[in-house]
Engineer: 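Before we start, here is the structure in question, set down as structure tokens.
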Amino acid sequence: MASESKIRVRFAPSPTGQLHVGNARTALFNWLFARQKGGVNVLRIEDTDLERSEARYETQLIDDLKWLGLDWDEGPDVGGSYAPYRQSDRLEIYRSTADRLVQAQKAYYCFCTLEDLERDRQQALAENRQPIYSGKCRNLDPAEVQRRRHAGEAAAIRLKIPEHPIKFHDIVHGDVQFASESVSDPIIMRSNGVPVYNYVVVVDDAEMKITHVIRGDDHLSNTPKQVALYEALGLPVPEFAHLSTILGPDRERLSKRHGATSIANFRDMGVLPEALVNYLALLGWAPSGGARETFTPKELIKEFSLKRITPSPAIFDMEKLHWLNRHYIKQSPPERIHAIAQPFFTKAGLLPENPDAEIAQWFGRVVDLLAPYVDKLEQLPQRAAILFHFDPAAALANPENAEVLAGEKTGPVLQAFAAKIGNQFPVAPERFKEIMNELKTETGAKGKDLFHPVRIMLIGSHSGPEFDKLIPLLEEGSRLNLPEHVKSVRERVAGFMAARGQRS
RNA sequence: GGCGCUAUCGUCUAGGGGUUAGGACGUGAGAUUCUCAAUCUUAAAACCCGGGUUCGAUUCCCGGUAGCGCUACCA
């Protein structure tokens with residue numbers, strides 16, 4: 001008995017595109033539930049929509065799920081005792097099961113053509129009736145059915161929906177009930193012999209002994225048909241948990257229109273998987289008490305509960321994802337962030353394809369300096385512009401800088417600084433500190449009046465990283481053989497003074 | 001149109017028949033720093049509307065409204 005009650009869940013995506021955050025959350029909740037309960041997590045590929053399904057999407061799907069840190073015990077790639085796990089490989093099961101249903105008179109052949117159905121629908125609409133299937137083939141004479149089938153007439157197979165209301169229990173929504181009249185007899189096998197989603201999903205879930213169906217609530221309205229199918233099949237109805245929809249800021253279903261929506265998008269932006277997992281977990285679920293925000297996957301497994309899932313739709317909040325991402329960037333070992341950041345620099349043309357140890361080490365320090373301040377790692381090369389792009393003319397033209405540079409003591413500060421740097425290279429951070437102190441006493445400038453002009457001279461902006469980290473990075477960077485030369489302090493000072501001289 | 005689901009700060013949410021309705025993101029202010037996107041402190045900010053039940057409803061019930069979903073030989 002105990003072994004029979006083992007929890008089995010499944011994530012059943014269709015390989016018709018990139019893994020979307022909504023589906024990723026569904027996958028995550030299934031995984032959390034299975035891992036917490038010591039159950040079995042199944043990955044099943046729903047590729048009955050032959051026209052839209054593509055094999056390459058299946059590979060991507062698996063990559064994306066793995067990147068998130070999810071895994072499964074049975075699936076197309078790992079096998080399992082209920083194989084195959086790809087619906088296109090299970091067609092025989094669907095056909096024979098459908099035949100059985102017809103024989104048991106739980107389902108029937110329907111000879112209506114698409115045109116017939118469309119006409120009926122239009123008429124129903126015109127007469128203000130509900131456009132549901134009339135059931136006209138439901139009680140055809142068996143002999144006639146036989147004859148027409150032998151004559152080779154195309155026929156779909158429809159399930160008989162029972163006359164009584166269909167009730168089921170949903171863990172997040174409670175008891176749900178549908179009147180029989182609101183559910184028309186659904187087609188389970190198309191006339192071309194290809195089964196329909198609402199049918200295969202039940203056959204597979206039943207066959208694979210799925211105990212808890214955790215999926216998006218866009219399937220809630222389909223559930224009565226599926227429950228009727230379980231009953232027709234004489235199989236136990238699983239528990240359901242329908243997850244709310246994820247919406248965009250305009251309260252419409254989150255889609256590409258809203259920008260990044262696929263897992264691959266987020267990965268490509270430099271969002272860490274644990275940040276995304278943490279964020280997705282918090283979308284529609286909250287721990288008991290609700291006060292905690294950051295969870296490692298292990299902690300999520302411990303705390304997770306289907307019963308605490310919120311039934312209402314949730315708007316995807318990029319800002320909060322950014323906050324979590326910053327949090328995890330700071331938490332991560334630096335080497336890991338270096339490795340993830342490297343391709344962004346390579347792509348921006350700042351880092352060679354195969355950097356030597358010295359260059360890699362220098363870039364690591366650049367990342368250490370800038371990463372705590374970015375929302376996502378893709379912003380790094382742009383932030384690193386203070387090192388790579390030195391444009392004194394633009395710095396002088398900038399109105400905000402101009403204001404600072406117009407200060408009374410600015411001229412003397414810049415002059416004296418330039419004089420003290422002279423031809424020195426490299427400038428040690430200690431020496432820099434001394435120079436600043438000397439400037440303070442010699443010019444009387446202090447604080448902002450002292451530091452801002454110097455920073456504008458060096459990086460073109462009055463705000464930026466601390467000098468004792470910045471200076472060594474400039475000096476050492478200038479020595480490296482990089483695709484984009486980093487100017488040394490000496491070069492920057494000379495360049496700035498020249499541009500300033502020209503201007504006045 | 002029919003059916004279904006949903007409704008607490010701008011957003012994610014906690015809570016729940018009597019509470020100063022709590023936390024987080026974001027926003028404002030302050031602190032710190034030469035500066036800053038970091039950090040710390042702090043402030044503003046919410047129970048959709050109408051009935052009913054009740055001594056009392058934001059909480060329970062009903063209705064309305066709005067949003068979303070389903071209503072396919074899509075998944």
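Reminder, nothing fancy here: chain letters follow the sequence lines and each chain counts from 1.
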Engineer: Among B:U13, B:A75, B:A38, which nucleotide has an atom closest to any side-chain atom of A:Thr310?
Structural biologist: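 So the side chain of A:Thr310 is nearest to B:U13.
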Engineer: RNA chain B: A:Cys112 or A:Arg25, which has the more 5' nearest nucleotide?
Structural biologist: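 The 5'-side residue here is A:Arg25.
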Engineer: Whole angstrom is fine here: how far is it from CG in A:Asp317 over to P in B:C25?
Structural biologist: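 Spelled out: CG on A:Asp317 to P on B:C25 is 11 Å.
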Engineer: For the residue pair A:Arg149 and A:Tyr109, would you count it as a cation-pi contact if the rule is NZ or CZ under 6.0 angstrom from the ring centre and within 45 degrees of the ring axis?
Structural biologist: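 Judged by the rule, A:Arg149 and A:Tyr109 form a cation-pi pair.
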Engineer: Taking the same atom, P, in B:U42 and in B:G22, what whole-Å distance lies between them?
Structural biologist: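 Roughly 14 Å separates the two P atoms.
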Engineer: With a 3.5 Å cut-off and just heavy-atom distances, do the side chain of A:Ser221 and the base of B:C3 make a donor-acceptor pair?
Structural biologist: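 Such a pair does not exist between side chain and base.
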Engineer: At less than 4.0 Å, is any side-chain N or O atom of A:Arg308 found next to OP1 or OP2 of B:G15? Yes or no.
Structural biologist: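 Looking at the OP1 and OP2 atoms of B:G15, one of them is under 4.0 Å from a side-chain N or O of A:Arg308.
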Engineer: Would you mind pulling out the nucleotide paired to B:U53, Watson-Crick or G-U wobble, both distances under 3.5 Å?
Structural biologist: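 By the stated definition (distances under 3.5 Å), nothing pairs with B:U53.
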Engineer: Side-chain N or O of A:His173 less than 4.0 angstrom from OP1 or OP2 on B:U6?
Structural biologist: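 So the side chain of A:His173 is within the cut-off, an N or O lying under 4.0 Å from OP1 or OP2 of B:U6.
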Engineer: How close or far is atom C1' of B:A38 from atom CZ of A:Arg383, stated in whole angstroms?
Structural biologist: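 My rounded result for the distance is 11 Å.
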Engineer: Rounding to an integer number of angstrom, what distance separates B:C36 and B:G18 when you compare their C1' atoms?
Structural biologist: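 Nearest-Å result for B:C36 against B:G18 at atom C1': 49 Å.
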Engineer: Could you tell me how far apart A:Ile459 (CD1) and B:A37 (P) are, to the nearest whole angstrom?
Structural biologist: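 Value for this atom pair: 14 Å.
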Engineer: Counting only side-chain heavy atoms from C-beta out, which of B:A38, B:C25, B:A75 sits nearest to A:Trp323?
Structural biologist: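 Nucleotide nearest to A:Trp323's side chain: B:C25.
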Engineer: For B:U41 versus B:U32, give the span between their P atoms, rounded off to a whole number of Å.
Structural biologist: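 It comes out at 15 Å once rounded to the nearest Å.
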Engineer: Starting at OH of A:Tyr94 and ending at C1' of B:A75, how long is that distance when rounded to a whole Å?
Structural biologist: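 A:Tyr94 atom OH is separated from B:A75 atom C1' by 13 Å.
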Engineer: Using the C1' atom as the point on both nucleotides, what is the distance between B:A7 and B:G63, in whole Å?
Structural biologist: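 These two C1' atoms come out 15 Å apart once rounded.
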Engineer: If you measure from CG on A:Asn398 to CD on A:Glu403, what distance do you get to the nearest 0.5 Å?
Structural biologist: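 Going from CG on A:Asn398 over to CD on A:Glu403, the span is 10.0 Å.
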Engineer: Roughly, in whole Å, what's the span from CG in A:Leu324 to P in B:U11?
Structural biologist: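 Between P of B:U11 and CG of A:Leu324: 19 Å.
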Engineer: Looking at A:Lys330, does any N or O in its side chain come under 4.0 Å of the phosphate oxygens OP1/OP2 on B:U39?
Structural biologist: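 Answer is yes, contact under 4.0 Å.
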Engineer: Measure from the side chain of A:Thr245, starting at C-beta and using heavy atoms only, and say which of B:C68, B:A24, B:G4 lies closest.
Structural biologist: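 Closest nucleotide among those given: B:C68.
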Engineer: Rounded to the nearest Å, what distance is computed from the CD atom of residue A:Glu378 to the P atom of nucleotide B:A37?
Structural biologist: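 After rounding, the gap between these two atoms is 21 Å.
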Engineer: With a 3.5 Å cut-off and heavy atoms only, can you find an N or O donor on one side and an acceptor on the other between the side chain of A:Arg158 and the base of B:C73?
Structural biologist: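 A donor-acceptor contact between them is absent.
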Engineer: Given atom CZ of A:Arg253 and atom P of B:U6, what is their separation to the nearest angstrom?
Structural biologist: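 Going from CZ in A:Arg253 over to P in B:U6 covers 17 Å.
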Engineer: Taking the P atom of each, how far is B:G51 from B:A57, in whole Å?
Structural biologist: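 Result for the P pair: 11 Å, nearest Å.
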Engineer: Does any nucleotide pair with B:U32 by Watson-Crick or G-U wobble geometry, both distances under 3.5 Å, and what is it?
Structural biologist: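 Pairing partner, where one exists within any strand: none, as none qualifies.
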Engineer: Could you pick out which residue, A:Tyr133 or A:Glu466, lies toward the 5' side of RNA chain B when each is mapped onto its nearest nucleotide?
Structural biologist: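 Nearest nucleotide further toward 5': that of A:Glu466.
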Engineer: How close or far is atom C1' of B:C68 from atom CZ of A:Phe316, stated in whole angstroms?
Structural biologist: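 Going from CZ in A:Phe316 over to C1' in B:C68 covers 18 Å.
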Engineer: Does the structure show a Watson-Crick or G-U wobble partner for B:C68, both distances under 3.5 Å? Name it, or say none.
Structural biologist: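 Base-paired to B:G4.
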Engineer: So, do A:His327 and A:Tyr279 have ring centers that fall under 6.0 Å from each other?
Structural biologist: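 Here the rings of A:Tyr279 and A:His327 have centres that are no less than 6.0 Å from each other.
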Engineer: On the nucleotide B:A66, are OP1 or OP2 found under 4.0 Å from the side-chain N or O atoms that A:Arg251 carries?
Structural biologist: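 Checking B:A66 against A:Arg251, no side-chain N or O comes under 4.0 Å of OP1 or OP2.
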Engineer: Can you check the distance between B:G23 and B:G16, where both ends of the measurement are the C1' atom (answer in whole Å)?
Structural biologist: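 It comes out at 16 Å once rounded to the nearest Å.
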Engineer: Is the ring centre of A:Phe266 less than 6.0 Å from the ring centre of A:Phe316?
Structural biologist: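 A:Phe266 vs A:Phe316: aromatic centres under 6.0 Å.
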Engineer: For A:Thr294 and A:Asn278, run side-chain hydrogen bond (donor to acceptor under 3.5 Å, both in side chains): C-alpha distance rounded to whole Å, both residues' side-chain angles, the deciding distance at 0.1 Å, then the answer.
Structural biologist: CA-CA 7 Å; A:Thr294 56; A:Asn278 195 150; 5.2 Å; no
Engineer: Strictly by Watson-Crick or wobble contacts shorter than 3.5 Å, is anything paired with B:C73, and which nucleotide is it?
Structural biologist: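 Across all strands, not a single nucleotide pairs with B:C73.
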Engineer: Looking at A:Leu280, A:Leu32, A:Leu300, which one forms a side chain to side chain contact (heavy atoms under 4.5 Å, CB included) with A:Trp285?
Structural biologist: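 It is A:Leu300; the other options fail the test.
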